[in-house]
S.K.: 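One structure, pasted below without further comment.
Predicted model, so just to flag it, every value in this text is computed and none were measured. The first residue in the sequence is number 1, and the count goes up from there. Counting starts at 1 for both ligands and their atoms, following the listed order.
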Amino acid sequence: MGQETMVDVGFQLTGDWLQCSSKRRLEIVSPQGEVIGRVPAMTREEVDRALSKSRRVQKEWAKVPLYERGQILLTWADELIKRSDEIADMIMKEVGKKKSSAKDEVTRTADLIRYTVEEGKRIHGEMMKGDSFQGGSAGKVAIIEREALGLVLAISPFNYPVNLSAAKLAPALISGNAVVLKPATQGSISALLMADALMTAGLPKGVLHVVTGRGSEIGDWLVAHPAIDMISFTGGTKTGQDIARKAGMIPTVLELGGKDPAIVLEDADVEKAAGQIVSGAFSYSGQRCTAIKRVLVMEEVADQLVEQIQKKVEGLRVGLPEDDADVTPLIDSASADFVHSLILDALEKGAVSRTEYRKEGNLISPTVLDHVTEEMRVSWEEPFGPVLPIIRVTSEQEAVETANQSEYGLQASVFTKNMDKAFSIASQLDVGTVQLNGKTERGPDHFPFLGVKKSGAGVQGVRKSIESMTREKVTVLNL
Ligand SMILES: NC(=O)C1=CN([C@@H]2O[C@H](COP(=O)(O)OP(=O)(O)OC[C@H]3O[C@@H](n4cnc5c(N)ncnc54)[C@H](OP(=O)(O)O)[C@@H]3O)[C@@H](O)[C@H]2O)C=CC1
Ligand SMILES: O=C(O)[C@H](O)COP(=O)(O)O
């Protein structure tokens with residue numbers, strides 16, 4: 001893709017850069033409000049055309065020896081590293097992530113692809129003999145293999161446009177699936193650059209299609225398309241619920257919203273906890289599903305913790321991604337207005353701001369709200385922005401109950417030096433993952449990653465993703 005096509009990119013159809021027949025384009029507007037490019041708004045007919053050959057192409061791809069599929073993916077990882085500056089630059093412009101984090105996203109993606117290839121090669125299936133079951137015969141032998149599901153629909157969100165797309169593509173492709181990727185509209189140029197690196201690496205034409213267009217316009221068409229065999233979605237809870245309803249019997253993995261609490265007990269290393277909480281709450285301006293989105297702190301250490309948090313927040317750089325600021329403008333004005341409304345609601349209801357609150361366009365200063373109570377929306381709603389509510393509690397039981405009252409259940413952190421208490425609290429929390437004395441986060445990427453309640457269904461993480469995109473196939477030998 002040359003420099004001019006960066007401004008007006010085509011879409012990936014059967015491995016070629018094509019322009020849409022409809023000539024309709026979507027403008028990609030940066031968080032600072034600048035138009036940085038245009039992508040095609042594909043029509044339903046074009047989506048149909050893209051998907052119609054997928055089944056045949058997938059069957060051919062699944063026959064390519066696993067080692068060779070792996071080599072293509074490894075070349076893709078190398079290619080991403082070669083182009084990491086260009087891709088990181090686009091991530092920075094398109095979704096407003098600071099350059100160093102954008103670069104980390106590309107490196108992390110290459111690492112994830114390499115690990116996926118290793119893991120994919122080690123999935124060998126199993127063999128069972130009938131005589132281990134009462135009355136069964138040793139002459140009956142089951143060979144259990146894992147085979148690709150077919151065509152995987154990967155739908156990714158804006159906040160990791162490269163990493164969360166590749167985290168679906170790599171496991172799908174290593175196990176012999178074809179993929180149609182629908183990236184978030186804001187983030188789609190970065191995703192297309194990533195896909196271009198994969199085509200350069202030698203992925204056969206038609207194994208991957210990248211479909212651009214508003215989810216609200218083509219999403220339903222894609223999700224309910226008869227060619228789709230599996231859906232891997234990361235994004236908001238409401239969108240995920242809609243998809244689950246429309247997908248019917250198609251297997252789905254959904255990674256959705258969160259309201260991750262950090263529980264701080266009276267014996268915690270308060271300074272360490274504050275450092276982890278600030279990094280967990282404010283990196284990429286809080287636009288992470290795993291961001292710490294509320295603190296539940298024991299009254300005895302609350303003042304001390306708040307003071308440490310405040311000090312560390314004052315050290316955050318607020319500004320533009322180009323200046324490598326920690327807190328940068330939010331993805332769009334709707335998000336910024338939503339976060340603003342949560343902060344105002346809390347302040348009106350008596351929360352005390354420990355930081356000076358400012359909003360300029362989509363840039364919201366990192367905001368620490370103390371004495372937050374359950375009447376305030378920010379106690380329960382996911383801001384996806386740089387605001388941290390502090391809720392003071394008087395017992396561990398209260399902390400656990402408040403944590404579990406959320407409709408979300410992605411992750412939680414517990415800070416304490418008492419490991420017995422830590423494990424006891426962890427066992428009571430209704431979440432996918434509990435981090436003891438560390439911030440909530442997805443990585444390392446080979447760990448299982450999942451949400452319960454409205455945070456998701458199914459599990460990602462390299463091996464788990466491969467398993468979710470394959471099924472068992474049993475052949476029985478009757479000797
Ligand atoms: N648990 C997890 O792993 C993660 C969860 N998230 C969650 O995602 C949200 C923020 O991401 P955001 O991108 O705004 O989420 P959205 O749910 O708005 O969008 C996610 C993806 O879904 C697409 N989409 C929108 N409507 C439909 C539809 N009807 N059918 C099919 N696809 C559709 C979007 O396309 P388009 O952009 O064109 O609208 C985009 O590609 C937060 O709630 C966050 O917590 C984010 C990252 C990780
Ligand atoms: O998209 C997200 O927010 C994630 O999947 C979380 O990833 P992270 O914990 O590595 O930021």
Side-chain angles (χ1 to χ4, degrees), residues 26 28 39 41-42 47 94-95 97 101 104-105 108-109 112 153-165 167-168 180-188 191 210-225 228 231-247 252-260 279-293 330-332 334-335 338 381-385 408-411 431-433 435 438-445 447 449-461 465:
L26 296 175
I28 306 297
V39 294
M42 288 178 68
V47 172
E94 210 177 6
V95 302
K97 190 174 282 191
S101 300
D104 288 348
E105 178 175 342
R108 174 181 183 176
T109 304
L112 183 147
L153 169 60
I155 306 181
S156 50
F158 76 83
N159 63 341
Y160 281 95
V162 167
N163 181 266
L164 282 175
S165 300
K168 300 175 188 310
V180 52
L181 169 66
K182 153 70 189 98
T185 296
Q186 203 163 344
S188 51
V210 183
V211 169
T212 55
R214 293 258 173 242
S216 50
E217 288 174 19
I218 53 164
D220 289 357
W221 189 251
L222 275 169
V223 166
H225 201 286
I228 301 295
I231 301 172
S232 175
F233 171 81
T234 302
T237 291
K238 208 189 142 301
T239 319
Q241 286 172 321
D242 283 352
I243 288 174
R245 269 191 291 273
K246 284 164 194 153
T252 50
V253 170
L254 306 170
E255 297 293 354
L256 312 176
K259 188 70 186 167
D260 295 0
S279 152
F282 295 107
S283 4
Y284 187 37
S285 318
Q287 296 175 114
R288 297 166 48 242
C289 59
T290 50
I292 291 179
K293 293 179 181 140
L330 296 184
I331 192 72
D332 55 27
S335 300
F338 176 67
E381 294 182 35
E382 180 191 38
F384 233 57
Y408 296 109
L410 191 56
Q411 294 203 352
V431 294
T433 303
Q435 305 268 356
K439 64 186 174 189
T440 46
E441 61 184 348
R442 171 167 49 118
D445 292 341
F447 283 8
F449 181 60
L450 70 154
V452 301
K453 301 198 280 186
K454 287 192 179 167
S455 287
V459 190
Q460 286 203 100
S465 298

S.K.: Between ligand 1 and Phe449, can you find any atom pair, the residue atom being a heavy atom, that is separated by under 4.0 Å?
M.R.: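 Phe449: in contact with ligand 1 (<4.0 Å).
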S.K.: For the residue pair Thr290 and Arg288, confirm or rule out a side-chain donor-acceptor distance under 3.5 Å.
M.R.: yes
S.K.: Quickly, which of Leu181, Thr185, Val39, Ile218 forms a side chain to side chain contact (heavy atoms under 4.5 Å, CB included) with Thr212? Name it, please.
M.R.: Val39
S.K.: Go through ligand 2 atom by atom and flag the ones less than 4.0 Å from a non-hydrogen atom of Glu441.
M.R.: 9 (O)
S.K.: What protein heavy atom is closest to atom 28 (C) of ligand 1, reported as residue, atom name and distance in Å?
M.R.: Gly215 O, 3.4 Å
S.K.: Which residue supplies the protein heavy atom nearest to atom 30 (N) of ligand 1, what is that atom called, and how far is it?
M.R.: Gly219 CA, 3.3 Å
S.K.: Could you tell me if any non-hydrogen atom of Pro183 lies under 4.0 Å from any atom of ligand 1?
M.R.: yes
S.K.: Give a yes or no on whether the backbone of Leu164 and the side-chain of Ser156 come within a donor-acceptor separation of less than 3.5 Å.
M.R.: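 The answer is no, because no donor-acceptor pair under 3.5 Å joins these two groups.
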S.K.: Just to confirm my output: which protein heavy-atom neighbour is closest to atom 10 (C) of ligand 1, and how far is it?
M.R.: Phe384 CE2, 3.6 Å
S.K.: With no hydrogens and no angle check, do the side chains of Gln411 and Gln435 hold a donor and an acceptor under 3.5 Å apart?
M.R.: yes
S.K.: With atoms numbered from 1 as shown, which atoms in ligand 2 lie under 4.0 angstrom from a non-hydrogen atom of Cys289?
M.R.: 1 (O), 2 (C), 3 (O), 4 (C), 5 (O), 6 (C)
S.K.: Looking only at protein heavy atoms, which one is nearest to atom 2 (C) of ligand 1, and what is the separation?
M.R.: Cys289 SG, 3.0 Å
S.K.: To the nearest 0.1 Å, how far is atom 18 (O) of ligand 1 from its closest protein heavy atom, and which atom is that?
M.R.: Thr239 OG1, 4.0 Å
S.K.: Give me the nearest non-hydrogen protein atom to atom 40 (C) of ligand 1 as residue plus atom name, then the distance to 0.1 Å.
M.R.: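 Of every protein heavy atom, Ser156 O, 3.4 Å lies nearest to atom 40 (C) of ligand 1.
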S.K.: So is Gly240 close enough to ligand 1, meaning a heavy atom under 4.0 angstrom away?
M.R.: no
S.K.: Pick whichever of Asn159, Thr234, Thr212 has a heavy atom sitting closest to atom 20 (C) of ligand 1.
M.R.: Thr234
S.K.: Are Tyr408 and Thr237 side-chain neighbours, meaning at least one heavy-atom pair lies under 4.5 Å?
M.R.: yes
S.K.: Identify, by atom number and element, the atoms of ligand 1 in contact range of Gly213, meaning under 4.0 Å from any of its heavy atoms.
M.R.: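 Once the distances to Gly213 are compared, the set is 38 (O).
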S.K.: Who's the nearest protein heavy-atom neighbour of atom 32 (N) of ligand 1, and how far?
M.R.: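 Scanning the protein heavy atoms, the shortest distance from atom 32 (N) of ligand 1 goes to Ile155 CD1, 3.8 Å.
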S.K.: Could you measure the distance from the CG atom of Asp445 to the CG atom of Leu112? Nearest 0.5 Å is fine.
M.R.: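 If I round to the nearest 0.5 Å, the distance is 5.0 Å.
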S.K.: Using a 3.5 Å cut-off on N or O atoms only, is Gln186 in polar contact with ligand 1?
M.R.: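 In fact, backbone or side chain, Gln186 has no N or O that close.
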S.K.: Between Gln287 (side chain only) and Ile331 (backbone N and O only), is there a donor and an acceptor less than 3.5 Å apart?
M.R.: yes
S.K.: What protein heavy atom sits nearest atom 9 (O) of ligand 2, and how far away is it?
M.R.: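 The answer is Thr290 OG1, 2.6 Å.
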S.K.: Can a cation-pi geometry be assigned to Lys182 and Phe233, taking NZ or CZ under 6.0 Å from the six-membered ring centre and within 45° of the ring axis?
M.R.: no
S.K.: Between Thr234 and ligand 2, which part of the residue brings a heavy atom under 4.0 Å of the ligand: side chain, backbone, both or neither?
M.R.: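 For Thr234, there is no contact with ligand 2 at all, from either part.
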S.K.: Which protein non-hydrogen atom lies closest to atom 11 (O) of ligand 2, naming both residue and atom, and how far is it?
M.R.: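 Answer, as residue, atom name and distance: Tyr160 OH, 2.4 Å.
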S.K.: Determine whether a donor-acceptor pair (N or O, by modelled atom type, separation under 3.5 Å) exists between the side chain of Glu94 and the backbone of Gly187.
M.R.: yes
S.K.: Any idea which atoms of ligand 1 are less than 4.0 Å away from a heavy-atom of Glu255?
M.R.: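 That gives atoms 1 (N), 2 (C), 3 (O), 4 (C), 5 (C) of ligand 1.
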S.K.: Nearest to atom 5 (O) of ligand 2 by heavy atom, Glu255, Arg442, Gln460: which?
M.R.: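 Shortest heavy-atom distance from atom 5 (O) of ligand 2: Arg442.
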S.K.: Considering only heavy atoms from C-beta outward, does the side chain of Val223 approach that of Ile228 to under 4.5 Å?
M.R.: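 Counting from C-beta outward, Val223 and Ile228 never come under 4.5 Å.
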S.K.: Could you verify whether a donor N or O on one side chain and an acceptor N or O on the other, from Thr234 and Lys168, lie under 3.5 Å apart?
M.R.: yes
S.K.: Give the single entry among Lys293, Lys182, Arg214 that approaches atom 35 (O) of ligand 1 most closely by any heavy atom.
M.R.: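 The option holding the nearest heavy atom is Lys182.
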S.K.: How long is the straight-line distance from CE of Met42 back to CG of Leu222, given to the nearest 0.5 Å?
M.R.: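 Interatomic distance, Leu222 CG to Met42 CE, rounded to 0.5 Å: 8.5 Å.
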S.K.: Keeping Glu105 on the side-chain end and Asn163 on the backbone end, is there a donor-acceptor pair under 3.5 Å?
M.R.: yes
S.K.: Show me which atoms of ligand 1 lie under 4.0 Å from any heavy atom of Thr185.
M.R.: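 Checking each atom against Thr185, I get 36 (P), 37 (O), 38 (O).
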S.K.: Below 4.0 angstrom from a heavy atom of Asn159, which ligand 2 atoms are there? Numbered from 1 as shown, please.
M.R.: 1 (O), 2 (C), 3 (O)
S.K.: Check whether any side-chain heavy atom of Val95 lies under 4.5 Å from a side-chain heavy atom of Tyr284, and answer yes or no.
M.R.: yes
S.K.: Would you find a donor on one side and an acceptor on the other, under 3.5 Å apart, between the side chain of Glu382 and the backbone of Lys259?
M.R.: no
S.K.: Between Thr239 and Asp242, do the side chains contain a donor N or O and an acceptor N or O under 3.5 Å apart?
M.R.: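 Result is no, nothing qualifies.
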S.K.: Give a yes/no on ligand 1: does Gly456 have at least one heavy atom closer than 4.0 angstrom to it?
M.R.: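 In this structure, Gly456 fails to qualify as a contact of ligand 1 - no heavy atom is under 4.0 Å.
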S.K.: Measuring from atom CG of Leu410 to atom CG of Asp260, what distance do you get when rounded to the nearest 0.5 angstrom?
M.R.: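 Answer for the CG-CG pair, Leu410 versus Asp260, is 4.5 Å.
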S.K.: Taking N or O atoms only and a 3.5 Å limit, does Ala184 qualify as a polar contact for ligand 1?
M.R.: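 Yes, at least one N or O pair falls under 3.5 Å.
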S.K.: How far is atom 9 (C) of ligand 1 from its nearest protein heavy atom, and which residue and atom name does that atom have?
M.R.: Gly236 N, 3.4 Å
S.K.: Looking only at heavy atoms of Ile243, does any of them come nearer than 4.0 Å to an atom of ligand 1?
M.R.: yes
S.K.: Please determine if Thr237 has a nitrogen or oxygen closer than 3.5 Å to a nitrogen or oxygen of ligand 1.
M.R.: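 By distance alone, the answer is no.
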S.K.: Is the contact between Arg108 and ligand 2 made by the side chain, the backbone, both, or neither, using heavy atoms and a 4.0 Å cut-off?
M.R.: side chain
